[in-house]
Q: 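Let me begin by handing over the structure; questions about it come next.
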Amino acid sequence: MNSSNKYQTSKDRYNEAFKTAKSNGMKFTSVSGEDVKGLYTPEDVNANSFIDNIGFPGQYPFTRGIH
């Protein structure tokens, strides 16, 4: 699977899981009051190998930890 397909497949899988996850209804914002998105991707930042080095939350390579 090429990296473009791998990225899109992983993103789609994450978005589906995010949509079906329980929500407490809270709105999350940054310290400056900006809305915080449920997922940030290379589309939001300039990252060349997002999937291999960072990945999506809760999925390999598990770089985010518990905090």
Side-chain angles (χ1 to χ4, degrees):
M1 177 182 296
N2 71 37
S3 62
S4 177
N5 289 340
K6 184 178 179 182
Y7 169 80
Q8 191 61 47
T9 300
S10 295
K11 181 180 173 188
D12 292 344
R13 187 180 316 123
Y14 180 82
N15 282 328
E16 283 303 312
F18 187 81
K19 287 179 195 174
T20 60
K22 286 176 110 178
S23 171
N24 60 9
M26 291 179 67
K27 181 178 177 182
F28 293 96
T29 60
S30 69
V31 174
S32 61
E34 297 292 321
D35 287 338
V36 175
K37 293 171 51 174
L39 176 66
Y40 288 88
T41 67
E43 297 159 6
D44 300 298
V45 296
N46 186 8
N48 294 328
S49 54
F50 179 81
I51 293 298
D52 294 328
N53 295 326
I54 299 174
F56 292 103
Q59 297 179 352
Y60 181 83
F62 306 109
T63 56
R64 287 174 172 72
I66 60 171
H67 299 287

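Because only heavy atoms are used, hydrogens play no part in the values below, and waters and symmetry mates are left out as well, while side chains stay in. Since we're looking at a predicted model, the values are computed, not measured.
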Q: Quick one: do Val36 and Met26 end up in the same hydrophobic cluster if we chain Ile, Leu, Val, Met, Phe, Trp and Tyr together by side-chain heavy atoms under 4.5 Å apart?
A: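 In one cluster: yes.
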Q: Cationic tip of Lys11 within the cone over Tyr14's six-membered ring, i.e. under 6.0 Å and within 45° of the normal?
A: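 No, Lys11 and Tyr14 do not form such a contact.
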Q: Are the side chains of Glu34 and Thr29 in touch, meaning some heavy atoms are under 4.5 Å apart?
A: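 SC-SC contact between Glu34 and Thr29 ruled out.
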Q: List the residues meeting side-chain contact (heavy atoms from CB on, under 4.5 Å) with Thr20, not counting sequence neighbours, and say none if there are none.
A: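 With sequence neighbours excluded, Thr20 shows a side-chain contact (heavy atoms from CB on, under 4.5 Å) to no residue whatsoever.
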Q: Within a strict 4.5 Å, meaning less than it, do heavy atoms of the Arg13 and Phe18 side chains meet?
A: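 Answer no - side chains too far apart.
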Q: Looking at residues at least two apart in the chain, or sitting in another chain, which of them share a side-chain contact (heavy atoms from CB on, under 4.5 Å) with Lys19?
A: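 Lys19 satisfies side-chain contact (heavy atoms from CB on, under 4.5 Å) with Glu16 once adjacent residues are dropped.
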